Amino acid sequence: CRRQSIFWMLALPIAGLGAMVAYLFESRVELGLWRQHWGWDFLFTLIYAMFLDRWMKETLLDGALPSDEADDMRRSTIAARFLTFAVVLCLLAIATAPSPYAELNIVACAGAASVFVLVLPSLAANKPLSFYEAFMIGRPLQAHLFLLVGGAMVVSLGFGLGLDWLGRYLPHKPPVLAALAASQRLLDCLLLAGVGYGLATLFRRLTDWQQPDPSDHPLPGVRMRPDRKSTRLNSSHVKRSRM
C-alpha cells in the first residue's frame with residue numbers, strides 16, 4: 001500500500017500488453033493458431049520475473065534512508081540467475097501442462113519453487129545465496145513457502161477459470177476479451193507483489209542482511225557547505241593554541 005505508484009507503473013504496462021495480445025488474436029483470424037503457443041507463456045514469465053525482482057528490491061529498501069548504495073540497488077538490473085530460475089519453472093510448467101489434473105501441475109511447480117525460492121530475494125538484494133544455502137535457510141519454513149507460492153498459483157488459476165466462465169456470457173468481441181485478459185494480468189501482478197513481499201520479509205528475518213547505510217551526506221551527490229561560524233571558532237582556537 002505504501003508503493004502504489006510504483007505498483008501501477010509496473011503493472012499497467014503488463015496488463016496493457018496482455019490486453020493488446022488478446023485483442024490482436026481476436027481481431028485477426030489468421031493469428032488464431034498462435035493463441036495457445038508456449039512462447040507467450042515464456043514471454044510473460046520473463047516479464048513477471050522482472051516485476052518480481054523490482055518489487056522485492058522495493059520491499060527490501062522500504063524505509064531505507066537515501067544513500068548511493070540504495071540508489072545503486074534500485075537501479076541494478078535483474079540477475080541472470082533470477083531469470084534462469086524463472087525459465088526453469090516455466091519449462092517445468094509447460095512440461096506438466098498436458099496432465100489432465102491441474103492440481104498436479106501446481107503441486108509440482110510450487111514444490112520445486114519452494115525448495116530454493118529464497119535465492120530470489122538474495123539476488124534482488126545483490127547478496128546471492130547458493131542453492132544449498134537457500135535450501136538450508138528455508139528448510140524450517142518449507143511448508144510456509146509452499147503455501148505462499150502454491151496459494152498464489154491456485155488463486156491465479158481459479159481467477160482465470162472464472163474469467164473463462166464469464167467470457168461465455170459476455171459479448172464475444174475483441175475489446176471485451178482484451179479487458180478480461182488485462183484483468184488476469186493485473187491479478188497476477190498483485191499476487192506477485194504479495195509473494196515478493198513475503199519472500200523479501202523472510203529473507204531479511206532469516207539472514208543478517210541489512211539495508212545499505214546512508215552515506216556521509218544526507219542526500220546522494222549533495223555536498224554540505226561548511227558552517228562559517230564553526231569555521232571561525234576553529235580558526236580562533238588554532239590561533240590561541242599557537243600563542
Side-chain angles (χ1 to χ4, degrees), residues 1-11 14 44-64 69-70 72-93 105-159 185-212:
C1 293
R2 293 193 296 269
R3 294 290 186 270
Q4 287 194 40
S5 59
I6 297 176
F7 174 81
W8 292 113
M9 183 178 64
L10 298 174
I14 298 175
F44 277 99
T45 297
L46 298 180
I47 295 175
Y48 284 163
M50 290 186 284
F51 175 90
L52 183 62
D53 175 75
R54 175 64 175 168
W55 194 256
M56 286 194 294
K57 284 183 170 66
E58 292 296 330
T59 302
L60 291 170
L61 294 174
D62 186 24
E69 292 81 2
D72 292 340
M73 182 175 168
R74 285 192 177 95
R75 290 192 295 262
S76 61
T77 58
I78 185 171
R81 286 177 60 191
F82 200 113
L83 287 177
T84 303
F85 190 90
V87 168
V88 170
L89 290 180
C90 178
L91 295 177
L92 178 61
N105 190 2
I106 292 176
V107 170
C109 294
S114 61
V115 175
F116 307 109
V117 74
L118 288 181
V119 168
L120 300 183
S122 70
L123 293 173
N126 296 328
K127 298 293 182 182
L129 297 173
S130 65
F131 287 106
Y132 178 75
E133 291 172 337
F135 170 72
M136 293 302 296
I137 291 174
R139 187 169 62 175
L141 299 174
Q142 279 298 307
H144 296 80
L145 294 174
F146 177 82
L147 292 176
L148 178 65
V149 178
M153 296 176 65
V154 169
V155 173
S156 178
L157 179 63
F159 189 77
R185 299 303 175 183
L186 278 178
L187 178 77
D188 289 344
C189 290
L190 182 62
L191 293 173
L192 286 172
V195 171
Y197 175 82
L199 293 178
T201 303
L202 287 175
F203 173 75
R204 290 187 60 178
R205 193 179 74 183
L206 298 175
T207 64
D208 57 352
W209 186 87
Q210 299 293 332
Q211 292 179 344

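Remember, predicted model here, so these are calculated numbers, not experimental data.
Residue pairs satisfying the salt bridge (Lys or Arg N to Asp or Glu O under 4.0 Å) criterion with at least one member in residues 75-88, sequence neighbours excluded, are listed as follows: Asp72-Arg75.
One distance of note links OG1 of Thr84 with CG of Leu89; it measures 11.0 Å at 0.5 Å rounding. The structure places CD1 of Ile14 at 9.0 Å from CG of Leu186, a figure rounded to the nearest 0.5 Å. Between atom CG of residue Leu190 and atom CZ of residue Arg185 there is a gap of 15.0 Å, rounded to the nearest 0.5 Å.
Residues passing the side-chain contact (heavy atoms from CB on, under 4.5 Å) test with Thr59, sequence neighbours excluded: Trp55, Tyr197, Ala200, Thr201. Under the rule for a side-chain contact (heavy atoms from CB on, under 4.5 Å), the partners of Gln211 that lie at least two apart in sequence or sit in another chain are Ala64, Arg204, Trp209. Residues satisfying the side-chain hydrogen bond (donor to acceptor under 3.5 Å, both in side chains) test with Ser156, not counting sequence neighbours, are Gln184, Asp188. Partners of Ile137 according to the side-chain contact (heavy atoms from CB on, under 4.5 Å) rule, which considers only residues two or more places apart in sequence or in another chain, are Leu118, Leu129, Leu206, Thr207. Looking at residues two or more places apart in sequence or on another chain, you find a side-chain contact (heavy atoms from CB on, under 4.5 Å) between Leu192 and Tyr48, Phe51.
Closest approach of Val149 and Ala113 over heavy atoms only: CG1-CB, 4.1 Å. The shortest heavy-atom contact between Ala86 and Thr45 is O-CG2, 3.5 Å. Residues Phe203 and Ala125 come closest through the heavy atom pair CE2-CB, 3.9 Å. Shown here for Cys109 and Met153, the closest heavy-atom pair between the two residues is CB-CE, 3.6 Å. Residues Leu92 and Ala108 approach most closely at CD2-O, 3.8 Å, considering heavy atoms.
Side-chain contact between Ile78 and Leu83 is present, with at least one heavy-atom pair separated by less than 4.5 Å. You'll find the side chain of Arg205 reaches within 4.5 Å of the side chain of Leu141, heavy atoms only. Under the 4.5 Å side-chain criterion, counting only non-hydrogen atoms from C-beta, Pro212 is in contact with Leu61. Lys57 is listed as a side-chain neighbour of Ser76, based on a closest heavy-atom distance under 4.5 Å. Put simply, the side chain of Leu199 reaches to within 4.5 Å of the side chain of Leu145, judged on heavy atoms. The shortest distance between side-chain heavy atoms of Leu46 and Val87 falls below 4.5 Å.
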request  = Give the intermediate values and the outcome of side-chain contact (heavy atoms from CB on, under 4.5 Å) for residues Arg3 and Asp62.
outcome  = CA-CA 9 Å; Arg3 294 290 186 270; Asp62 186 24; 3.2 Å; yes
request  = Start with the C-alpha gap between Leu60 and Met73, add the side-chain angles, then the distance that decides, and say whether side-chain contact (heavy atoms from CB on, under 4.5 Å) holds.
outcome  = CA-CA 10 Å; Leu60 291 170; Met73 182 175 168; 3.8 Å; yes
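For the ring-ring contact (aromatic ring centres under 6.0 Å, His included) criterion with Phe116, the lone passing option out of Phe131, Tyr132, Phe82 is Phe131.
The main-chain N or O of Arg54 is never found under 3.5 Å from a side-chain atom of Glu58 such that the two would form a donor-acceptor pair.
Counting non-hydrogen atoms of other residues, nucleotides and ligands closer than 6.0 Å to CD of Gln210 gives a total of 12 or fewer.
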